[in-house]
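Whatever order the structure lists them in is the order used to number ligands and atoms, beginning at 1.
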Amino acid sequence: MSAPTTTGTTASHPAPPPAIFSARALEVAAERARTPGSATGHHFNAAGAALPASVTVETVIGHLRAESLSGGYEAAKDAAPALDAVYARTAELLGARPEEVALVESATAGWHRAVSALRLRPGDRVLATRSSYVSSALHLLSAERDHGVRVELLPNGPDGAVALEALETALRTGPAALVTAAHVPTSSGLVEPAADIGALAQAHGVPFLLDATQSLGQLPVDIGAIGCDLLIGTGRKFLRAPRGTGLLAVRRPLLDRLAPEAPDVRGAHWTAERSWELVPDAKRFELWEAAHALRLGLGAALADLTALGVDTVSRHLATLATTLREHLAELPGVRVTDPPAAGGAIVTFVVDGLDAGAVQRELARRRIHLIAVPAGHGRWDMDPRGLTKVVRASVHVYNDRADLDALVEAVREIVSLHGTPTPPREPARRSSAAVPAPAPVTARRGTRCRDAIVVGLGVHGSAALRRLAARGLDVLGLEQYALGHDLGSSHGATRMIRRAYPHPDWDGLVDTAYRAWEELEDAAKTRLVDITGGLYAAPMDRPDPLRGPGCRQVGPEEAARIFPGLRLPAGFGAVHDPRAGIIDAEETLRAQLTLAERSGAAVADRTPVIGWEPDGDQVVVRTADGVLRTRHLVLCTGPWTAAQVPSLAARLTVTRIVNAYFAADLAGPLGPSGLGSFSVDLPQGLLYGFPATGGRGLKVGLDSGPAWDPDAPRPAATAAELALLAEAVAQVLPGAGPVTESLTCLYTMTADRRFVVGEVPGVERALVASACSGHGFKFGPAIGEALADLVCGTARPDLDFLSPARLLPGGAG
Ligand SMILES: Cc1cc2nc3c(=O)[nH]c(=O)nc-3n(C[C@H](O)[C@H](O)[C@H](O)COP(=O)(O)OP(=O)(O)OC[C@H]3O[C@@H](n4cnc5c(N)ncnc54)[C@H](O)[C@@H]3O)c2cc1C
């Protein structure tokens, strides 16, 4: 490679040229034309996963196609020269020899294999910089806890980079087994002085492992000049290669001394009953099975980078990032959090009074894509700087000044709409050794107070958020996990809707529910409910059969005519509900959240509420990131409701439910032509289900399961649970094949199987909607509307039969 090598010190960075588009500058328009993703929005997440060039994508697809036509082994044989070239290109990029390069699945995989090969022993010292990435830190801390390894954290100097004197002192103190640093951390634009670290490690004969995950592709990296013995990197970030690619370089002579902890057939030859020989090169760290298409994609991305020149790319990125940093720093209410030693393509900042995740979401609504980095991804770096989460913008060759302007203007708008007046600023950069001040336990009066905060974004929370935002309220939705997670009650593909209920009390709400679905479908411009008709079967002598407007009892013969796929046991009858159907559950959640955000709702996922309390005419809500204020709190916390409303805890039971898909022919009687939504009250329990659709088979579940702590690990369905389901299926659904897939889910139950919707007993400004007892999805949009009414002061006497107070001693029954 012709690029000049950097020593990795900030001083060695080329100073940004005066204009971005100088004669020697990169041709951004050409790069954008070669990067289809650049037309879909403003992408500032190269430090997460950059947009690949189309040549990379085509290379991957081309090899997958070759595998499909000639077979995986045969295609690999044909591609052998190209696969070999990937090693050569990687070596060229790093200034290494091809035999010193291993291609692995991720930087973390490379780290594990390299560090475990060092065979660290009790008492061994590892000197680590504060820039270390979470996965490296967790591995080192585990080694410390489990194997007595001593992890010594090196302090930072005033510029935020590692204090080299401290490293030198630590190396002088006694022998060390490893020095490790991240060249560029995940949590800021810092560039560690890699070559200076390498020189010190070399002088003391200590191996140096450089995590170049965030620097490869954005900075010239030469392992000889830097003096590192081990280097790990990933494809997906600044190299613009596919996800699932990574690399590990191990320089000689260390390579000859390191044996992987668990070699496989790629890394070793099994020579006799109890002996084997490692291959002589770094492939000893590889596994035989590999995604060849992705590796070829990595090769294409490397070729692309080489053609552009790392120095050209690096200069472009540094110029953009410097400009962005300057412009963001000028915005009132915005604080750039990069340390003085920043210099690469990453810019981090926070907005006063606004969670970084909320900033990310607000920007995403404007098609500006970046990421919020929580302290949990870089605690050694962020904790001492008092940062809980930062917004991270990272640029690449497809970004230009128009992108920067869009981002800066969007942040300005977000600050004016959602931020708080800038409090007196802390000193611009605290010493990295400073201990963070403890977070305040109560929010100051005067911090922004929302009209409403909705906690929990399952079907009910997302519905409430949408309806509140549609009324023009300033509303925020908080979800403890990632949106669309599968740990609560609302995940999975389908839910049943029916008019048939055991008691007329439900009829009004059922009508409201059907209207609410129509309204949601109109707003979302998509079909969410498929009316299939439903049959609900039970022994003829059951005392409380389902009933409902438009429903009627049918005998076994008529039932067989309605749903030929369902065979009722002798003595069974069924209620036919012609308006019953199947809800697309996943699409419903997506639609409600999209509409909520479109109406101006803010959403913060991965933000658990850890407590709340009324405070006069407001409610204080505590999260790990800080304290919020709202005039109304709406708790839609599903199985976690007991933790939020302890007065109801004794009345709520959470159970774990198993669902499974059984193989079935889509065109046969178990498909939509022979079946709709159904349930059968069998000795094994109430079996309910849906016809085979979309190639996934017939979906069924039993309506009961063991009591479960929602925070406990959730094991997959057991063989016994699936056998019980299969037994029930065999009884009434002839032709069903074996189980193809299973999932678990939680019900939150009350003794009367009715919900709790209304005021939290004794707390005027807090509402709760939960305990949906296994049948609440169909009411989601209607309950969202009802909660919005209650927040806005509109009485909903139709919901009195679901009042939380009814469950408490003396409550209306
Ligand atoms: C297997 C199964 C089948 C079902 N079939 C049907 C059916 O056919 N028809 C029907 O109508 N209903 C059905 N139901 C019931 C229906 O799915 C549920 O009633 C409904 O999904 C409950 O939604 P929710 O929003 O109340 O709860 P959830 O979907 O569990 O949402 C609660 C949310 O709150 C979040 N949360 C909790 N605590 C906190 C906190 N402290 N901070 C931040 N966030 C928090 C959780 O992470 C979760 O995302 C079924 C349920 C299951 C499990």
Side-chain angles (χ1 to χ4, degrees), residues 453-465 476-498 501 506 509-510 513 517 529 534 536 580-583 585-586 588-589 592-593 603-612 621-624 633-645 652 654-660 677-679 686 688-690 699-705 708 710-711 714 717 742-750 753 755-757 768-784 787:
I453 289 181
V454 178
V455 185
L457 296 178
V459 70
H460 292 107
S462 56
L465 190 73
L476 166 69
L478 298 174
E479 167 54 51
Q480 63 183 346
Y481 300 123
L483 298 179
H485 69 87
D486 61 0
L487 295 167
S489 305
S490 298
H491 58 279
T494 47
R495 292 291 187 280
M496 189 183 295
I497 183 166
R498 56 185 157 85
Y501 261 81
W506 290 94
L509 191 58
V510 169
W517 281 106
V529 180
Y536 305 104
I582 302 172
I583 301 166
E586 278 162 5
T588 296
L589 287 193
Q592 292 192 150
L593 284 170
V603 172
D605 65 351
R606 297 184 174 89
T607 307
V609 166
I610 50 186
W612 61 273
V621 178
R622 272 177 283 121
T623 74
L633 179 66
V634 182
L635 296 164
C636 297
T637 40
W640 291 266
T641 298
Q644 298 301 322
V645 191
L652 307 177
V654 176
T655 58
R656 171 178 160 282
I657 302 292
V658 170
N659 276 195
S677 83
F678 65 89
S679 69
L686 185 78
Y688 60 87
F690 310 90
K699 183 184 173 189
V700 297
L702 283 172
D703 195 33
S704 56
W708 210 263
D711 289 319
R714 194 98 49 80
S742 69
L743 58 142
T744 65
C745 184
L746 297 177
Y747 277 5
T748 312
M749 314 279 286
T750 50
R753 300 205 71 164
F755 314 155
V756 285
V757 182
V768 60
S770 186
C772 293
S773 298
H775 60 109
F777 203 100
K778 65 181 76 58
F779 297 103
I783 285 179
L787 289 166

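Judged purely by atom type and a 3.5 angstrom limit, W517 uses its side chain to pair as donor or acceptor with the backbone of K778. Between the side chain of R656 and the backbone N or O of R714 there is no donor-acceptor pair closer than 3.5 Å. With hydrogens and angles disregarded, no donor-acceptor distance shorter than 3.5 Å links the side chain of T641 to the backbone of P639. A donor-acceptor pair is defined here as one N or O able to donate and one able to accept, closer than 3.5 Å; such a pair exists between the side chain of S773 and the backbone of T750. Judged purely by atom type and a 3.5 angstrom limit, S770 uses its side chain to pair as donor or acceptor with the backbone of G638. The backbone N or O of V459 sits less than 3.5 Å from a side-chain atom of S490, completing a donor-acceptor pair.
For the residue pair D711 and Y481, the shortest heavy atom distance occurs at OD1-OH, 4.3 Å. Closest of all the heavy-atom pairs between V454 and G461 is CG1-O, 3.6 Å. Of all the heavy atoms in Y501 and H775, the pair that sits closest is OH-ND1, 2.8 Å. Here the shortest heavy-atom pairing between Y536 and A580 reads OH-CB, 3.4 Å. Between H460 and G776, the shortest heavy-atom distance links the atoms NE2-O, 3.3 Å. E479 and G458 get closest at one heavy-atom pair: OE1-N, 4.4 Å.
If you check which protein heavy atom lies closest to atom 53 (C) of ligand 1, you get C745 SG, 2.2 Å. Distance from atom 44 (N) of ligand 1 to its nearest protein heavy atom, with residue and atom name: Q480 N, 3.0 Å. V609 O, 3.0 Å is the protein heavy atom nearest to atom 41 (N) of ligand 1. The single protein non-hydrogen atom nearest to atom 14 (N) of ligand 1 is G774 O, 3.3 Å, given as residue, atom name and distance. Counting only heavy atoms of the protein, atom 19 (O) of ligand 1 lies nearest to C772 CB, 2.9 Å. In terms of protein heavy atoms, atom 5 (N) of ligand 1 is closest to R495 CD, 3.3 Å. Closest to atom 35 (C) of ligand 1, if we only count protein heavy atoms, is E479 OE1, 3.3 Å.
Closest heavy-atom approach to atom 32 (C) of ligand 1 among the candidates C636, G488, G456, A585: C636. In this comparison of G638, S489, S679, the heavy atom closest to atom 22 (C) of ligand 1 sits on S489.
Side-chain contact between V700 and F678: present, with at least one pair of heavy atoms (C-beta onward) separated by less than 4.5 Å.
An N or O contact shorter than 3.5 Å links M496 to ligand 1 by distance. Residue contacts with ligand 1: I657 is placed with no nitrogen or oxygen under 3.5 Å of a nitrogen or oxygen of the ligand (distance criterion only). Between H775 and ligand 1, an N or O atom pair is found at a separation short of 3.5 Å. Residue V455 has no nitrogen or oxygen atom sitting less than 3.5 Å from a nitrogen or oxygen atom of ligand 1, judged on distance alone. Considering backbone and side-chain atoms alike, Q644 places an N or O below 3.5 Å from some N or O of ligand 1. Close N/O approach between F777 and ligand 1 is found [any backbone or side-chain N/O within under 3.5 Å]. Geometrically, ligand 1 and H460 share a nitrogen or oxygen pair separated by less than 3.5 Å.
Interface of Y481 with ligand 1, defined as ligand atoms under 4.0 Å from a residue heavy atom, comprises 47 (O). Residue-ligand proximity, Y688 to ligand 1, at heavy-atom distances under 4.0 Å covers atoms 1 (C), 2 (C), 3 (C). Close contacts of ligand 1 with L746, meaning ligand atoms under 4.0 Å from a residue heavy atom, involve 53 (C). Within ligand 1, the atoms closer than 4.0 Å to a non-hydrogen atom of V459 are 20 (C), 21 (O), 23 (O), 25 (O), numbered from 1 in the order shown. Here is the list of ligand 1 atoms found below 4.0 Å of a heavy atom in Y747: 2 (C), 50 (C), 51 (C), 52 (C), 53 (C). Close contacts of ligand 1 with P608, meaning ligand atoms under 4.0 Å from a residue heavy atom, involve 42 (N), 43 (C). For ligand 1, the atoms sitting less than 4.0 Å from at least one non-hydrogen atom of K778 are 9 (N), 10 (C), 11 (O), numbered in the order shown with element in parentheses. Close contacts between ligand 1 and G458 involve ligand atoms 25 (O), 29 (O), 31 (O), 33 (C) [criterion: under 4.0 Å to a heavy atom].
Contact annotation: for T494 versus ligand 1, there are no heavy atoms closer than 4.0 Å. Contacts between W640 and ligand 1, counted as non-hydrogen atom pairs separated by less than 4.0 Å, involve the side chain only. Only the side chain of N659 comes within 4.0 Å of ligand 1, counting heavy atoms alone; its backbone N, CA, C and O stay farther away. Contacts with ligand 1 closer than 4.0 Å are made by no heavy atom of F779, backbone or side chain. For S490, heavy-atom contacts with ligand 1 shorter than 4.0 Å involve the backbone as well as the side chain.
To the nearest 0.5 Å, atoms CG (L702) and CG (L686) are separated by 8.0 Å. Atom-to-atom distance recorded for L487:CG and L746:CG is 8.0 Å, nearest 0.5 angstrom.
Residues Y747 and W708 place their aromatic rings such that the two centres sit no closer than 6.0 Å.
Within the structure, ligand 1 lacks H491 among the residues with a heavy atom less than 4.0 angstrom away. Note on ligand 1: S770 sits outside its first shell, no heavy atom being nearer than 4.0 Å.
Each of V455, L457, L787 was scored for a side-chain contact (heavy atoms from CB on, under 4.5 Å) with C636, with one residue passing: L787.
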*asked:* Using side-chain contact (heavy atoms from CB on, under 4.5 Å), reason through I453 and W612 one step at a time and then give a plain yes or no.
replied: CA-CA 11 Å; I453 289 181; W612 61 273; over 6 Å; no
